[in-house]
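One structure below.
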Number of protein chains: 2
Amino acid sequence: MGTRIKDIARELGISESTVSRALSDHPKISNSTKEEVRQAANELNYQPDLIAKSLKLKQTKTIGVIISDITNPFYPEIIKGAEDVANKNSLNIFLCNSDYNRERQQNYLKVLAGKRVDGIIISPIGEKYEIINFLIKNRIPFVLIDIKPAIKIETDCVYADTEYGAYIGVKHLIELGHKKIAIINGPIVNSPCKQLKSGYMKAIEEDKIPINEKYLKECNLKTEGGYRAVKELLKLGKEEIPTAAIFISDITAIGAYDAIYESNMKIPDDFSILGYDDIPGAKYFFPPLTTVAQPKYELGETAMKLLIGEFASADNWKHKQIKILPKLIIRSSTAKPPDR
Amino acid sequence: MGTRIKDIARELGISESTVSRALSDHPKISNSTKEEVRQAANELNYQPDLIAKSLKLKQTKTIGVIISDITNPFYPEIIKGAEDVANKNSLNIFLCNSDYNRERQQNYLKVLAGKRVDGIIISPIGEKYEIINFLIKNRIPFVLIDIKPAIKIETDCVYADTEYGAYIGVKHLIELGHKKIAIINGPIVNSPCKQLKSGYMKAIEEDKIPINEKYLKECNLKTEGGYRAVKELLKLGKEEIPTAAIFISDITAIGAYDAIYESNMKIPDDFSILGYDDIPGAKYFFPPLTTVAQPKYELGETAMKLLIGEFASADNWKHKQIKILPKLIIRSSTAKPPDR
DNA sequence: TTGATTAATACAAACGATTGCATTATTATC
DNA sequence: GATAATAATGCAATCGTTTGTATTAATCAA
């Protein structure tokens with residue numbers, strides 16, 4: 001239906017190869033024909049078929065990005081960072097939203113492989129070995145995002161140091177005087193969740209605070225997960241109800257607001273809430289949420305740069321694992337514990 | 001490098017066409033060879049080349065989605081709605097973020113055309129005729145999102161009735177007793193902005209409230225735009241400072257919180273704020289934001305369904321323009337005006 | 001046995017670009 | 001004026017699929 005190189009060639013009475021070369025400004029084509037070709041292309045509204053080009057050239061100028069929840073404000077900033085870098089390098093992004101669903105993640109992996117993307121940035125959910133195996137087997141360059149590398153794994157990755165983030169967060173709670181501190185975590189199979197726990201443990205143990213197993217909660221990563229977890233905590237004996245909690249994300253912390261208010265308790269007077277991520281809007285919660293800020297944009301930016309190989313110079317033979325430090329943002333959802 | 005149909009064919013000593021047909025379960029291929037082929041494909045880790053397939057079949061099973069700001073929580077829900085429908089129809093989404101940048105939008109349009117996507121959903125910024133022209137000229141099926149159709153335009157579109165939303169919002173303010181109501185709008189070229197204004201006007205005029213030109217603000221669609229607009233309003237003479245404002249989005253309304261608090265004023269006692277969108281988190285602002293809720297997920301869902309043609313039945317020759325009604329969510333950022 | 005029918009597979013062209021090599025046209029060199 | 005060098009263009013193969021049309025093999029009817 002549309003215009004092809006063939007059509008331009010016919011129109012001008014020259015060969016397809018000449019048109020192709022003229023369009024890509026090949027030095028061996030005369031300026032006059034180049035001009036003619038460009039004009040004809042314009043008149044005929046020629047749009048190059050990137051599919052055909054990709055097939056021939058074996059590169060798609062496209063990077064696949066798989067994230068787990070586009071609705072979580074944590075991700076859009078990452079995507080933006082990645083997209084900005086991609087654009088600067090005339091690359092495009094194929095965005096996939098696994099929605100915390102492993103099957104869907106697996107499916108997207110296959111689609112991206114089939115679409116022959118030039119590389120993949122993925123924030124993996126669930127067991128990551130199969131993902132890594134798949135990518136390696138299919139020879140797709142990739143960068144893991146927001147995953148702390150395990151010892152055995154040798155891959156490029158960019159991650160925020162959640163262990164450190166959890167540590168400084170819980171330390172902050174301890175300094176305020178809290179001793180009954182809960183942790184509302186996501187599924188512990190996820191790397192950031194693992195890290196959150198170990199940061200929490202480190203801070204708790206450092207201050208010789210006894211560990212209460214009932215304070216260790218796992219929930220799904222949505223608001224409703226946080227809500228339910230806190231509801232359960234509030235059912236404990238009066239003396240045992242924690243006075244503070246650290247959450248795996250601001251989104252789950254929001255659920256805590258709901259649960260606490262439903263019980264006619266006050267934040268932070270009766271319960272201190274420490275979020276994680278610093279999503280836009282956290283500043284305007286009631287009360288403004290104390291949280292650990294993720295370097296979101298930077299995470300996306302760095303991952304894409306790494307993938308593109310901007311960082312690959314002298315020693316690009318070895319995998320880079322880049323750590324970015326989060327920051328504690330103290331607002332008003334944390335305060336000293338109530339004297340019960 | 002990877003496995004091709006050719007490789008499977010060689011491996012089994014049969015022809016490529018047989019392999020291809022076996023893989024797609026063609027009835028004329030014997031079950032025994034089908035089984036052999038499937039097994040070999042598995043062993044050799046065959047991943048079909050979707051690029052080649054697309055070239056041949058002239059369809060990519062991909063829908064391009066262009067939105068203007070992935071960072072605005074308004075969009076992720078839309079995307080999710082669209083993606084869910086797409087997935088159910090084994091379609092994928094190629095997401096593009098124009099970032100309110102016309103050049104970038106134009107560029108993405110070209111890329112998507114070049115990538116031969118099967119259709120495009122776009123939330124257009126700036127002048128939409130050139131976009132529509134481009135899409136028609138290139139014979140790409142498309143659906144406009146969040147754009148109220150002008151009389152002359154005959155295209156599929158799905159939009160939330162912003163005029164109605166603004167009308168019920170401003171009515172609410174008037175009923176509270178406000179007479180000095182500002183409108184912090186986005187660039188008036190955008191359709192939702194036009195609608196916001198006319199809804200505002202309708203409500204104001206209905207109650208015979210005189211129009212103050214100084215209350216009609218245009219700003220960019222980010223938090224900082226709302227901040228600056230309100231700052232300017234607060235510089236007016238004491239008597240002239242408005243007592244309430246409706247904002248084009250919750251994101252810009254956030255800027256108002258900053259500006260108001262900087263002037264040591266209180267919300268809603270000194271100034272009522274009415275947002276638009278109902279982004280996740282708006283409920284937890286201080287004070288919780290009164291806002292007009294967009295049917296976001298539904299918007300994306302409907303747009304994709306429309307594009308796929310699920311709605312195309314008897315009368316699919318004419319363009320559908322689907323209107324979805326927003327809802328007023330009254331929280332605590334609006335109250336009766338102060339008696340100055 | 002022979003021709004017709006059916007089942008299973010193979011051949012080859014096509015999708016729309018790119019590119020190494022061959023070819024032709026033009027100019028330079030002696 | 002013949003040959004070499006250079007400039008500009010054309011030919012044809014290729015990327016990995018799919019699919020219409022042979023082709024071959026197997027089965028059946030008479």
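Below, each value reflects all heavy atoms present in this structure, side chains not excepted, and no hydrogens, waters or symmetry copies. Treat the numbers as computed from the prediction; the structure is a model and nothing was measured. Order of the sequence lines fixes the chain letters, A, B, ..., with proteins taken first and strands second; residue numbering starts at 1 for each chain.
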Query - Gap between atoms CG and C1', on Leu55(A) and dC15(D) respectively (whole Å) - result: 4 Å
**Report entry** Rounded distance (Å) that lies between atom P of dT18(D) and atom CZ of Arg4(B)
**Finding:** 13 Å
Query - Nearest-angstrom distance from the residue atom CD1 of Ile51(A) to P of dT18(D) - result: 14 Å
Query raised in the report: Without hydrogens or angle criteria, can the side chains of Ser20(A) and Ser17(A) be said to hold a donor-acceptor pair below 3.5 Å?
Result: no
**Report entry** For atom CG of Leu44(B) and atom P of dG16(D), their distance in whole Å
**Finding:** 15 Å
Query raised in the report: Atom CZ of Arg116(B) to atom C1' of dT17(D): distance rounded to whole Å?
Result: 17 Å
Requested in this report: Walk me through it: do Thr62(B) and Lys115(A) pass the test side chain to side chain donor-acceptor pair (under 3.5 Å)?
Outcome: CA-CA 10 Å; Thr62(B) 303; Lys115(A) 283 189 175 286; 2.6 Å; yes
Query raised in the report: Under a 4.0 Å N-O cut-off, is there an ion pair linking Glu35(A) with Arg38(A)?
Result: yes
Query raised in the report: Going by distance alone, is a donor N or O of one side chain under 3.5 Å from an acceptor N or O of the other, for Thr60(A) and Asp118(A)?
Result: yes
**Report entry** Interatomic distance, Lys56(A) NZ vs dG16(C) C1' [rounded to whole Å]
**Finding:** 11 Å
Query raised in the report: Within less than 4.0 Å of OP1 or OP2 of dG16(D), is there a side-chain N or O belonging to Lys58(A)?
Result: yes
**Report entry** Length of the CG-P vector between Asp49(A) and dG16(D), whole Å
**Finding:** 17 Å
Query raised in the report: Between Asp99(A) and Lys80(B), is a salt bridge (charged side-chain N to carboxylate O under 4.0 Å, His left out) present by the stated rule, with each step listed?
Result: CA-CA 9 Å; Asp99(A) 212 27; Lys80(B) 199 172 177 187; 3.5 Å; yes
Query raised in the report: Taking only N and O in the side chain of Tyr46(A), is any of them less than 4.0 Å away from OP1 or OP2 of dG16(C)?
Result: no
Report summary line: When rounded to whole Å, the NZ to P distance for the pair Lys6(B) and dG16(D) reads 6 Å
Query - Within residues 14-39 of chain B, residues whose heavy atoms come under 4.0 Å of DNA chain C - result: Ile14(B), Ser15(B), Ser17(B), Thr18(B), Arg21(B), Lys28(B), Ile29(B), Ser30(B), Thr33(B)
Query raised in the report: Are any of the side-chain nitrogens in Arg104(A) or Asp84(B) under 4.0 Å away from the carboxylate oxygens of its partner?
Result: yes
